[in-house]
Amino acid sequence: MKELLLALPAGRDTLGAKYGLTPAHMAYRVGPGPSLLGTRLPQGLRGGLMQLDCAGFEGTGDPVACCRQILGECRRRSYRGVVCDFEGMPSPCLGRMVEILARNCAAQGWTLYVPEPYAPHAKTARILIPSALAHGVLERRLREAAERYGPERTALAVEWVREDFPLPASGRGTPISREELAGQIARLEPAVFFDRGLCAHYYTYMAGPKAHFVLFDTSRSIRAKLEAAKRVGLAAALLPQPEVEEHLEEIFGGGA
């Protein structure tokens, strides 16, 4: 895999460089206007990528000035790309923003990452495919994406999942915390299985008359997701630092 990215909250330290991970700095947001909003970072911080979200943005306006701000910040910080961590379907404003960023990043030799709904707006960007599935086979999903966009333009967006689904499971479940998961396992003592297709652990339980399905990740399942991406020949993967930081040795160092 050519590039392993670590989504790094502003001001966080990481051991990711030891394992070849490049930081994607989660310090930026598309704000009203649109305009670029940022969390204060150390003056001397250089390198890595910008990670940009659009939480709370109403989705309207002319994105040209915001794109200038984004590209200027990338030059100032010596970033070598942008991760657009945009949720939902593209608004006309954000779709055009991605088109402008794709064109300019390609001209600079930078890499742009966008979610799959933005693929029609970014012909040169890498397309982020989420790792979370409630059913099916992750490797097949990645292979289909690689056939559609080309493996060089396809990247795995790793999510560390802990979700509770009523059965039959579909879509996304209800997120549960690490403490809730541990407490439920200790209380119920369920039989826990590993689904090789989903690359995730799961168990079932009854809540009154309703059956539930809990899907969750560990360092083993994250490693399995990355191995599936490698078998397909994907160019890159993006991992969430807060969840994986304490497991980096287990994921990348060959631990159990």
Side-chain angles (χ1 to χ4, degrees), residues 1-59 61-88 93-94 96-115 118 122 124-126 128 130 155-160 222 235-249 251-252:
M1 204 173 293
K2 291 187 175 179
E3 188 160 58
L4 287 169
L5 303 178
L6 189 64
L8 187 65
R12 287 281 187 96
D13 292 325
T14 179
L15 296 174
K18 176 181 175 182
Y19 301 96
L21 277 69
T22 299
H25 298 285
M26 301 167 62
Y28 301 93
R29 177 168 295 174
V30 178
S35 60
L36 179 65
L37 305 179
T39 302
R40 188 178 297 276
L41 289 169
Q43 277 295 115
L45 187 145
R46 297 290 184 275
L49 285 81
M50 171 190 287
Q51 183 155 325
L52 179 69
D53 73 42
C54 62
F57 176 58
E58 72 280 5
D62 185 337
V64 171
C66 185
C67 289
R68 291 196 188 103
Q69 292 175 316
I70 293 167
L71 296 166
E73 177 71 356
C74 287
R75 285 189 287 269
R76 187 172 76 86
R77 294 279 187 180
S78 299
Y79 294 153
R80 51 185 178 83
V82 179
V83 178
C84 291
D85 185 21
F86 296 166
E87 295 187 359
C93 174
L94 290 177
R96 187 166 174 232
M97 180 180 291
V98 164
E99 289 174 359
I100 295 169
L101 291 177
R103 186 167 61 249
N104 282 274
C105 284
Q108 294 286 338
W110 299 341
T111 307
L112 177 68
Y113 290 83
V114 300
Y118 286 83
T124 57
R126 282 184 178 154
L128 291 163
L156 175 66
V158 174
E159 299 179 64
W160 192 295
I222 298 299
L238 172 68
L239 293 99
Q241 188 267 353
E243 288 87 355
V244 305
E245 183 70 27
E246 65 184 89
H247 304 284
L248 288 173
E249 174 63 25
I251 296 169
F252 295 106

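These numbers come from a predicted model, not from an experiment.
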Got a sec, which residues hit ring-ring contact (aromatic ring centres under 6.0 Å, His included) with Trp110, two or more places apart in sequence or on another chain? none

Residues in side chain to side chain contact (heavy atoms under 4.5 Å, CB included) contact with Lys18, at least two apart in sequence or another chain: none

Show, in sequence, the C-alpha distance, side-chain angles and deciding distance for Asp85 and Leu128, and conclude whether the side chain to side chain contact (heavy atoms under 4.5 Å, CB included) test is met. CA-CA 9 Å; Asp85 185 21; Leu128 291 163; over 6 Å; no

Identify the two heavy atoms, one from Phe86 and one from Leu52, that lie closest to each other, and give their separation to 0.1 Å. CE2-O, 3.6 Å

Residues 63-78 vs side-chain hydrogen bond (donor to acceptor under 3.5 Å, both in side chains), sequence neighbours excluded, gives Tyr28-Glu73, Glu73-Arg76, Glu73-Arg77

Could you tell me which residues satisfy side chain to side chain contact (heavy atoms under 4.5 Å, CB included) with Ala107, sequence neighbours excluded, listed by chain and number? none

Pairwise side-chain contact, Ile251 with Val244, heavy-atom cut-off 4.5 Å (strictly under): yes

Between Leu49 and Val82, is there a side-chain heavy-atom distance shorter than 4.5 Å? no

Identify all side-chain donor-acceptor contacts of residues 30-37 below 3.5 Å with residues at least two apart in sequence or on another chain.
residue: Ser35; atom: OG; partner: Pro32; partner atom: O; Å: 3.0

Kindly indicate whether the side chain of Glu87, heavy atoms from C-beta on, has any atom under 4.5 Å from the side chain of Cys54. no

Nearest heavy atoms of His25 and Gly47, plus distance in Å: NE2-O, 3.3 Å

How close do Cys93 and Phe57 get, heavy atom to heavy atom, and via which atoms? SG-CZ, 3.9 Å

The side-chain hydrogen bond (donor to acceptor under 3.5 Å, both in side chains) partners of Arg80 (sequence neighbours excluded) come to Glu3, Thr22

Quick note, side-chain hydrogen bond (donor to acceptor under 3.5 Å, both in side chains) partners involving residues 97-107, not counting sequence neighbours, are Glu99-His121

4.5 Å side-chain heavy-atom contact, Tyr79 and Leu45: yes

Minimum heavy-atom separation for Pro130 to Glu159, with atom names? CB-OE2, 3.2 Å

So do Leu248 and Leu21 actually touch side chain to side chain, heavy atoms under 4.5 Å? yes

Non-hydrogen side-chain atoms of Val64 and Arg96 separated by less than 4.5 Å: yes

Does any part of the side chain of Cys105, heavy atoms only, come nearer than 4.5 Å to the side chain of Thr111, both counted from C-beta? no

Run the side-chain donor-acceptor check on residues 4-17: report pairs under 3.5 Å with partners two or more places apart or on a different chain.
residue: Arg12; atom: NH1; partner: Gln241; partner atom: OE1; Å: 3.1
residue: Thr14; atom: OG1; partner: Gly16; partner atom: N; Å: 2.9
residue: Thr14; atom: OG1; partner: Glu245; partner atom: OE1; Å: 2.7

Taking only residues two or more places apart in sequence or in another chain, which ones pass ring-ring contact (aromatic ring centres under 6.0 Å, His included) with Tyr113? none

For Glu246, what residues pass the salt bridge (Lys or Arg N to Asp or Glu O under 4.0 Å) criterion, not counting sequence neighbours? Arg178

Min side-chain heavy-atom separation Ile70-Leu101 under 4.5 Å: yes

What salt bridge (charged side-chain N to carboxylate O under 4.0 Å, His left out) pairs are there with at least one residue in residues 45-58, not counting sequence neighbours? Arg29-Asp53

